[in-house]
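To keep things clear, I will list the structure first and then write my remarks on it.
Side chains are part of it too, since the values below use all heavy atoms of this structure and drop only hydrogens, waters and symmetry mates. Chain A is the first sequence line, chain B the second, and so forth, proteins listed ahead of strands; every chain is numbered from 1.
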Amino acid sequence: MSKVRVRFAPSPTGPLHIGGLRTALYNYLFAKKMGGTFILRIEDTDRSRYVEGAEKYILEALKWSGLELDESIEKEGDFGPYRQSDRKAMYEKYAEELVSNGHAYYAFDTPEELAKMREDLKTKEDPNPKYNYVTRGNMKNSLSLSEDELKAMIDNGTPYIIRLKVEPGEQIQFSDIVRGEVTFSSNELDDKVLMKTDKMPTYHMANIVDDHFMEISHVIRGEEWLPSTPTHVLLYRYLGWEDTMPQFCHLPLILKPDGKGKLSKRYGAKMGVPVFPLEWKDKEDLFIGFREGGFLPEAMINFLAFLGWNPGTEQEIFTPGDLIQAFELERINKSGARFDIEKARWFNQQYIMQTSDAELAKLVRPYVEAEGHQPTDDYLQKVCGLMKERFEVLTDFWENSRYFFEEVSSYDNEKIIRKRWKPENRKKMQDLKSTINRLSNFTGENIEAHVKKFIEEKELSFGEVLPFIRLAVSGTTKGASVFEMMSVLGEDEVAKRLARGFEDFDKIKENA
RNA sequence: GCUCCGGUAGCCAAAUUGGUUAAGGCACCUGCCUUUCGAGCAGACAAUUGCGGGUUCGAAUCCCGUCCGGAGUACCA
């Protein structure tokens with residue numbers, strides 16, 4: 001087989017959706033696995049839908065996700081330009097070639113005339129009449145018009161489009177890597193528009209010309225393209241490029257969590273769930289991103305890879321490098337996968353646990369600094385070591401770990417204080433406070449031994465002591481090991497917090 | 001409507017391509033461990049493979065029918 005060259009071809013009409021990112025990912029994985037080339041091509045042929053900033057967003061999202069491009073608008077290879085608006089002349093040339101070969105024709109119908117035709121021909125059996133071999137004879141085009149009429153139209157500068165002339169009665173078969181052999185009857189196809197009145201190509205035209213000249217070997221794209229693939233096959237055939245036609249691989253859709261329909265932009269905004277890699281703001285909406293949601297790119301990629309593919313083994317955690325090794329187009333699923341953010345969070349937690357304390361400290365630092373604290377690297381790393389299996393997303397770090405950085409201002413479980421705090425034990429507890437910071441080595445182990453000995457000597461129970469130490473030190477009844485926590489905080493801070501805590505507990509008890 | 005594509009526990013899914021009791025993970029629940037939470041370990045719950053026929057010694061896998069879901073049906077991609 002010749003060299004693998006694949007492309008990701010988004011249109012800059014908004015932020016890159018998670019489904020698009022998955023398409024990019026599969027292209028990337030396949031290219032890397034095969035030692036091939038991963039290309040970004042910007043499909044900006046619809047000027048009315050062009051969105052400022054979308055191109056930049058796409059590039060940034062790919063970069064954050066770690067999908068490195070071999071050729072793109074920023075890194076031109078030998079097959080440029082990589083933006084369709086810069087390749088305009090080529091499309092025109094080949095569209096005209098199709099017209100002169102009799103495989104395409106000019107059409108002059110106005111949008112109103114088109115609408116009228118569809119309205120007139122609409123029946124309940126056929127609610128969407130096609131512009132095809134049945135209807136084109138009644139429309140205004142170079143097939144139906146007389147030579148004089150045609151010449152007049154053109155001389156007048158009447159705007160026209162170019163349509164593909166699809167011959168009826170043909171079976172169009174192609175092989176899809178995930179679906180197998182797929183067959184369509186040409187009778188079902190319509191005469192797709194190839195060139196618009198503004199001389200820009202449609203997706204169909206641009207796609208085939210570009211894929212051919214960019215020597216694309218595999219077209220890996222979403223399932224929504226499956227129905228237009230026969231048109232594309234015809235285009236390759238009529239252009240004389242069928243022998244180098246790329247292989248098709250249509251990916252299953254990513255569905256909403258309820259399984260009804262494609263995952264949409266709106267869904268994410270509505271449910272407060274990220275469906276974009278990066279945050280995107282426009283006038284009306286704010287779409288949250290995985291990055292801002294506290295996800296690690298590797299975890300998101302791992303999650304995404306499994307949305308429509310699996311290695312067939314029991315392994316679930318794959319670094320990007322592992323994914324490249326294991327990935328196979330043949331193992332892509334046929335059915336759509338529901339988007340389950342819970343699973344994404346699970347993947348993220350797995351990755352957080354795997355991350356080294358030093359690395360994690362770097363990731364978490366911005367969240368701590370946003371709260372106005374500047375801990376040393378050493379301190380932050382220790383906290384990370386204690387907390388790393390206790391949060392799923394980076395954004396939860398602060399809430400779970402704040403007591404390491406600022407003093408306790410409230411207690412999340414006053415009920416236990418009211419119920420089980422015994423003021424008569426207060427005197428004994430004071431002893432703990434005053435002896436604990438005299439420990440020679442303030443390690444978790446030593447503290448634990450000391451506290452246990454203390455409980456024994458004073459004839460107290462664990463339940464009378466431990467929850468209250470925890471509460472006094474952290475303000476919460478959950479979290480890392482109390483002793484380790486105290487060790488990280490340091491003897492002075494601990495003594496201070498115990499004193500303050502015991503006082504507060506008395507007050508709470510009194511007011512109960 | 002029509003065309004195409006799907007359908008394995010609540011969710012993601014495996015099943016060496018027709019071969020013994022239909023993997024595994026997520027979620028949920030229980031136990032152990034920590035007198036906390038999480039993590040980890042052990043376990044439990046959960047599927048007449050959408051449904052009905054057929055072929056076969058044998059069907060999730062092949063055939064026919066049927067139902068449900070999705071995509072497409074634009075001078076959007």
Give the B/S/- string for nucleotides 8-21 of chain B, one per nucleotide from 5' to 3', where a protein heavy atom under 4.0 Å of the base yields B, of only the sugar-phosphate yields S, and otherwise -.
---SSSSS------
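A search for salt bridge (Lys or Arg N to Asp or Glu O under 4.0 Å) contacts involving A/Glu181 returns nothing, not counting sequence neighbours. The salt bridge (Lys or Arg N to Asp or Glu O under 4.0 Å) test applied to A/Lys88 returns no partner, not counting sequence neighbours. When the ring pair (Phe, Tyr, Trp, His ring centres under 6.0 Å) test is applied to A/Phe462, no partner is found at least two apart in sequence or on another chain.
In this structure, the ring of A/Phe287 has its center less than 6.0 angstrom from the ring center of A/Phe276. Proximity of the aromatic rings of A/Phe347 and A/Phe295 is defined here by a centroid distance below 6.0 angstrom, and this criterion is not met.
A distance of about 27 Å separates the C1' atoms of B/U16 and B/C11, rounded to the whole Å. Taking atom P in both B/A44 and B/C5, one finds a spacing of 42 Å when rounded to whole Å. Distance check on atom C1': B/G38 versus B/C32 gives 16 Å, rounded to whole Å. Atom C1' of B/U30 sits at a distance of 15 Å from the matching atom of B/A46, rounded to the whole Å. A gap of 15 Å separates the P atoms of B/U55 and B/C64, to the nearest Å.
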Donor-acceptor pairs under 3.5 angstrom involving side-chain atoms of residues 480-489 of chain A: please list them, not counting sequence neighbours.
from, atom 1, to, atom 2, distance (Å)
A/Ser481, OG, A/Phe483, N, 3.4
A/Ser481, OG, A/Glu484, N, 3.3
A/Ser487, OG, A/Phe442, O, 3.0

May I have the list of side-chain donor-acceptor pairs in residues 300-308 of chain A shorter than 3.5 Å, sequence neighbours left out?
from, atom 1, to, atom 2, distance (Å)
A/Asn302, OD1, A/Phe318, N, 2.8
A/Asn302, OD1, A/Tyr351, OH, 2.7
A/Asn302, ND2, A/Glu316, O, 3.1

Going by atom type alone, with no hydrogens or angles, which donor-acceptor pairs under 3.5 Å involve a side-chain atom of residues 412-419 of chain A and a protein atom two or more places apart or on another chain?
from, atom 1, to, atom 2, distance (Å)
A/Asp412, OD1, A/Thr477, N, 3.3
A/Asp412, OD2, A/Thr476, OG1, 2.8
A/Asn413, OD1, A/Ile416, N, 3.3

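Going from atom CD1 of A/Ile161 over to atom C1' of B/C76 covers 14 Å, rounded to whole Å. The NZ-P distance, from A/Lys334 to B/C4, rounds to 17 Å in whole Å. Atom P of nucleotide B/G72 and atom CG of A/Leu189 are separated by 16 Å, given to the nearest angstrom. If you measure from atom NE2 of A/His204 to atom P of B/G72, you get 12 Å, rounded to the nearest angstrom. Rounded to whole Å, atom C1' of B/A71 lies 14 Å from atom CG of A/Leu251. Rounded to an integer number of Å, the gap from NE2 of A/His250 to P of B/G72 is 12 Å. A/Tyr160 has its OH atom 17 Å from the P atom of B/C75, to the nearest Å. One can place CD of A/Glu389 at 12 Å from P of B/C41, the figure rounded to the nearest angstrom.
Phosphate contact (OP1/OP2 of B/G38, side-chain N/O of A/Gln349, threshold under 4.0 Å): absent. Distances shorter than 4.0 Å separate none of the side-chain N or O atoms of A/Lys192 from OP1 or OP2 on B/U73. A/Lys130 has no side-chain polar atom (N or O) that falls below the 4.0 Å cut-off from OP1 or OP2 of B/G1. For B/A77, one of the phosphate oxygens OP1 or OP2 lies less than 4.0 angstrom from a side-chain nitrogen or oxygen of A/Thr45.
At a non-hydrogen distance threshold of 4.0 Å, A/Ser11 from residues 11-26 of chain A come into contact with RNA chain B. Near-neighbour residues of RNA chain B inside residues 171-184 of chain A, defined by a heavy atom below 4.0 Å, number-ordered: A/Arg179, A/Val182, A/Thr183, A/Phe184. Residues from residues 222-233 of chain A placing a heavy atom under 4.0 Å of any atom in RNA chain B, listed by number, are A/Glu223, A/Glu224, A/Trp225, A/Leu226, A/Pro227.
Side-chain contact annotation: A/Asp210 with A/Tyr91, donor-acceptor N/O pair under 3.5 Å present. A donor-acceptor pair shorter than 3.5 Å can be found between the side chains of A/Asp46 and A/Ser48. Under 3.5 Å, the side chains of A/Thr135 and A/Asn138 contain no donor-acceptor pair of N or O atoms.
Using a 4.0 Å heavy-atom cutoff across all strands shown, A/Met387 reaches no nucleic acid atom at all. Within the nucleic acid shown, A/Lys388 has no heavy atom closer than 4.0 Å to any nucleic acid atom. No contact: A/Arg47 has no heavy atom under 4.0 Å from any strand.
A salt bridge between A/Asp190 and A/Lys192 is present, with a side-chain N of the basic residue lying under 4.0 Å from a carboxylate O of the acidic one. Salt-bridge check for A/Asp282 with A/Lys265: failed, with every basic side-chain N at 4.0 Å or more from each acidic carboxylate O. Between A/Glu464 and A/Lys428, no side-chain nitrogen of the basic residue sits less than 4.0 Å from a carboxylate oxygen of the acidic one, so the salt-bridge criterion is not met. Contact check on A/Lys93 versus A/Glu97 returns no salt bridge, with no Lys/Arg side-chain nitrogen under 4.0 Å from an Asp/Glu carboxylate oxygen.
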Between the protein and nucleotides 48-50 of chain B, are there any N/O to N/O pairs under 3.5 Å, and if so, what are the atom names and distances?
none

Please list, pair by pair, any protein nitrogen or oxygen found under 3.5 Å from a nitrogen or oxygen in nucleotides 33-36 of chain B.
from, atom 1, to, atom 2, distance (Å)
B/U35, N3, A/Gly463, N, 3.4
B/U35, O4, A/Phe462, N, 3.0
B/U35, O4, A/Gly463, N, 3.1
B/U36, O2', A/Thr477, O, 2.8
B/U36, O2, A/Arg470, NH1, 3.4
B/U36, O2, A/Thr477, O, 2.9
B/U36, O2, A/Gly479, N, 2.9
B/U36, N3, A/Arg470, NH1, 3.4
B/U36, N3, A/Arg470, NH2, 2.7
B/U36, N3, A/Gly479, O, 2.7
B/U36, O4, A/Arg470, NH2, 3.2
B/U36, O4, A/Gly479, O, 3.4

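When both pairing distances are held under 3.5 Å, B/G6 makes a Watson-Crick or G-U pair with B/C68.
Using the six-membered ring where Trp is involved, A/Phe213 and A/Tyr94 have ring planes that are tilted, between 30° and 60° apart. Ring geometry for A/Phe327 versus A/Trp309: interplanar angle of 30 to 60°, hence tilted. Under the 30°/60° scheme for interplanar angles, the aromatic rings of A/His232 and A/Tyr203 are found to be tilted.
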From CA spacing to verdict: side-chain contact (heavy atoms from CB on, under 4.5 Å), A/Arg338, A/Asp340
CA-CA 6 Å; A/Arg338 299 188 196 195; A/Asp340 178 12; 5.8 Å; no
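Judged by a 6.0 Å distance limit and a 45° cone about the ring axis, A/Arg22 is positioned over the six-membered ring of A/Tyr26.
Mapping A/Asp126 and A/Val193 onto RNA chain B via the closest heavy atom, the residue that lands nearer the 5' end is A/Asp126.
On a pure distance criterion of 3.5 Å, a polar donor-acceptor pair joins the side chain of A/Thr197 and the base of B/C75.
Taking the O4'-C1'-N9-C4 or O4'-C1'-N1-C2 dihedral as appropriate, B/U17 has a value within 90° of 0 and is therefore syn.
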